[in-house]
Protein chains: 2
Amino acid sequence: MTTTAPDTVQELVEAWGAMGALWGINRSVARVHALLMATEGPLSLDEIAERLRISKGNASMSLRELRTFGVVRQVEAPGDRRDFYVTEPDVWTMFFRILRERKRREFDPALEAIHRLLARPGAQGEVRGRLQQMGDLLATVEGVVNRFLKDPASTRAALALVAGLPFDRRKKRT
Amino acid sequence: MTTTAPDTVQELVEAWGAMGALWGINRSVARVHALLMATEGPLSLDEIAERLRISKGNASMSLRELRTFGVVRQVEAPGDRRDFYVTEPDVWTMFFRILRERKRREFDPALEAIHRLLARPGAQGEVRGRLQQMGDLLATVEGVVNRFLKDPASTRAALALVAGLPFDRRKKRT
DNA sequence: TCGTGCGTTCAGAATATTCTGAACGTATCT
DNA sequence: AGATACGTTCAGAATATTCTGAACGCACGA
């Protein structure tokens, strides 16, 4: 039993998988990620596929995606031909990297359209105000994401403040 | 031509529709929303369906969803049997209301699983730290959402600060 | 009363997404 | 060389999501 507690791990895997949708990554990918998060040592591709009851092919593709997001890393075992995988420990970074990706693909076109509309001379009151709000919203999210990627520590602290969190946990790490 | 600029409006509609996925609302719903955002006066169901080339049924269901989110309102025209629709002007609120919804459905189970895992006595170092981070992340998002819904103005200002925005726009409104 | 205009519903069609597994490539060992 | 172990790929199957449009109900007016 290499993991904390099999059945609860299972629950986390499922919950994380469902939540993946929230930030736009698919169920399998998120489940693989959760499994690695909840497991101490590195896992081989086959073990992952087996534990999650998904095909090797699916596992392989999911791991690739996680690697391109930079949240999973391959490690090698001494005299073993297989590849093993571990998560980067930083979930926050993962979250924001993925957001940045989606920002590019989805925010930017929307922002462009909004600005184009605002530039039109004929943009009236009601509409103008709403468009501006949309722009503000997108710009704010964008700003937070960018700032986080530049300076994670301070952004995290700032967000904790905004969130009004007790703000104790975390061992410190500067 | 009741709207700012038909073709650019179209672009916004499509961009907003694509972006909808980001916060978990479907393309049609987001497109209807965008159309209302970019249009000065109220629109009838038929007009919406026609402009977006979607069926009346689809339009009806999309509008219902938008109404349950509280971002679209029905208005009546003088001697007209038809229902007309307008957006609430506050996109930010929409955004956070929707987040709250998803939070309920998706965050909460994940947070539960995490806490259950952390409660286990056997939660070791590596894993424990990662789980804690996941919990922090979720708690932070949750906190921001809750605070926004309680006190939008201050939260917006705070977020603008975090985002490092120029922070000028907006007519003021307290 | 019947007819007409309007909105809603929902079964099934259309479409999009995700997943599987067989086929393949490459490396390693005998 | 042949055999084995492993990872990857991708066409098509399986599944999930979204959309349509016919059927219906209701309210109004004639």
Side-chain angles (χ1 to χ4, degrees), chain A residues 13-14 16-36 42-68 72-86 98 101-102 105-106, chain B residues 13-14 16-36 42-68 72-86 98 101-102 105-106:
Chain A
V13 164
E14 297 313 332
W16 201 250
M19 219 184 49
L22 188 50
W23 58 55
I25 79 183
N26 94 359
R27 168 174 294 267
S28 288
V29 174
R31 297 206 320 146
V32 170
H33 181 239
L35 178 60
L36 288 170
L43 292 176
S44 71
L45 189 144
D46 274 312
E47 197 167 350
I48 291 168
E50 193 183 338
R51 300 276 237 97
L52 299 180
R53 316 296 202 88
I54 62 180
S55 70
K56 242 182 5 146
N58 190 355
S60 172
M61 293 184 339
S62 296
L63 283 165
R64 174 143 56 100
E65 192 160 344
L66 287 168
R67 262 176 296 147
T68 71
V72 156
R73 198 162 36 88
Q74 266 189 34
V75 298
E76 1 222 300
D80 200 323
R81 294 227 262 119
R82 289 172 299 168
D83 300 338
F84 289 85
Y85 299 92
V86 292
I98 291 169
E101 199 55 37
R102 307 205 71 195
R105 292 210 299 268
E106 288 152 12
Chain B
V13 164
E14 297 313 331
W16 201 251
M19 219 185 49
L22 187 50
W23 57 56
I25 78 184
N26 95 356
R27 167 175 295 267
S28 287
V29 174
R31 297 206 320 146
V32 170
H33 181 239
L35 178 60
L36 288 171
L43 291 176
S44 72
L45 189 145
D46 274 313
E47 197 167 350
I48 292 168
E50 191 183 339
R51 299 276 236 97
L52 299 180
R53 317 294 201 87
I54 63 180
S55 70
K56 243 184 2 150
N58 190 356
S60 172
M61 293 185 339
S62 296
L63 283 166
R64 174 143 55 100
E65 191 160 343
L66 288 168
R67 263 175 294 147
T68 71
V72 157
R73 198 163 36 88
Q74 267 189 34
V75 298
E76 3 221 299
D80 201 323
R81 295 228 260 117
R82 288 172 299 168
D83 301 337
F84 289 84
Y85 300 92
V86 293
I98 291 170
E101 198 56 37
R102 307 206 72 194
R105 292 210 299 269
E106 288 151 13

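All values below were derived from every heavy atom in this structure, side-chain atoms included, with hydrogens, water molecules and symmetry-related copies excluded. Throughout, a chain's letter reflects where its sequence line sits, starting with A, and its residues are numbered from 1.
If you measure from atom CZ of A:R53 to atom C1' of C:dG21, you get 17 Å, rounded to the nearest angstrom. Atom-to-atom, CD of A:E47 to P of D:dC6 comes out at 12 Å; the value is rounded to the nearest Å. Summarising the geometry, the separation between CG on B:L45 and C1' on C:dC6 is reported as 9 Å, rounded to the nearest angstrom. Look at CG on B:D83: it is 5 Å from P on C:dG7, rounded to the nearest Å. Residue B:N26 contributes atom CG, which lies 13 Å from atom C1' of D:dA16 at whole-angstrom precision. Distance B:D46 CG to C:dT4 C1': 14 Å, rounded to the nearest Å. Taking atom CG of residue A:L43 and atom P of nucleotide D:dC6, one finds them 15 Å apart after rounding to whole Å. One can place CG of A:D80 at 14 Å from C1' of C:dC29, the figure rounded to the nearest angstrom.
Crowding of A:E76 atom CD: a count of heavy atoms from other residues, nucleotides or ligands under 6.0 Å not exceeding 12.
Residue A:S28 is in sugar-phosphate contact alone, with no base atom involved, counting any heavy-atom pair closer than 4.0 Å across all strands shown. Nucleic acid contact class of B:R31 (heavy atoms, under 4.0 Å, all strands): none.
Among the nucleotides D:dT20, C:dC19, C:dG7, the one closest to the side chain of B:S55 is D:dT20. Nearest nucleotide to the side chain of A:R82, out of D:dT8, C:dG7, D:dC6: D:dC6. With D:dT18, C:dT8, C:dC19 as the candidates, the nucleotide lying closest to the side chain of B:Y85 is C:dT8.
In this structure, A:L66 CG and A:L36 CG are separated by 7.5 Å, a value rounded to the nearest 0.5 Å. Interatomic distance, CG of A:L35 versus CG of A:L43, reported as 5.5 Å (0.5 Å rounding). How far OG of B:S62 is from CD1 of B:I54: 5.0 Å, rounded to the nearest 0.5 Å. To the nearest 0.5 angstrom, B:M61 atom CE is 7.5 Å from B:S55 atom OG.
Scored by the side-chain hydrogen bond (donor to acceptor under 3.5 Å, both in side chains) test, B:E106 finds B:R102 as partners (sequence neighbours excluded). Listed by chain and residue number, A:E88 satisfy the salt bridge (Lys or Arg N to Asp or Glu O under 4.0 Å) test with A:R73 (two or more places apart in sequence, or in another chain). In this structure, the side-chain contact (heavy atoms from CB on, under 4.5 Å) partners of A:S60, at least two apart in sequence or on a different chain, are A:L45.
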Provide a list of protein-nucleic acid N or O atom pairs under 3.5 angstrom, restricted to nucleotides 22-30 of chain D.
none

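Contacts between residues 58-65 of chain A and DNA chain C, defined by a heavy-atom separation under 4.0 Å, are made by A:N58.
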Would you list the atom pairs, donor with acceptor, under 3.5 Å between side chains in residues 25-33 of chain B and any protein atom, with sequence neighbours excluded?
unit_1	atom_1	unit_2	atom_2	d
B:N26	OD1	B:S28	N	3.1
B:N26	OD1	B:V29	N	3.0
B:S28	OG	B:N58	ND2	3.0
B:R31	NH1	B:E14	OE1	3.4
B:R31	NH1	B:E14	OE2	2.6
B:R31	NH2	B:L52	O	2.7
B:H33	ND1	B:W16	NE1	3.0

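B:R67 has a side-chain polar atom (N or O) that falls below the 4.0 Å cut-off from OP1 or OP2 of C:dT8.
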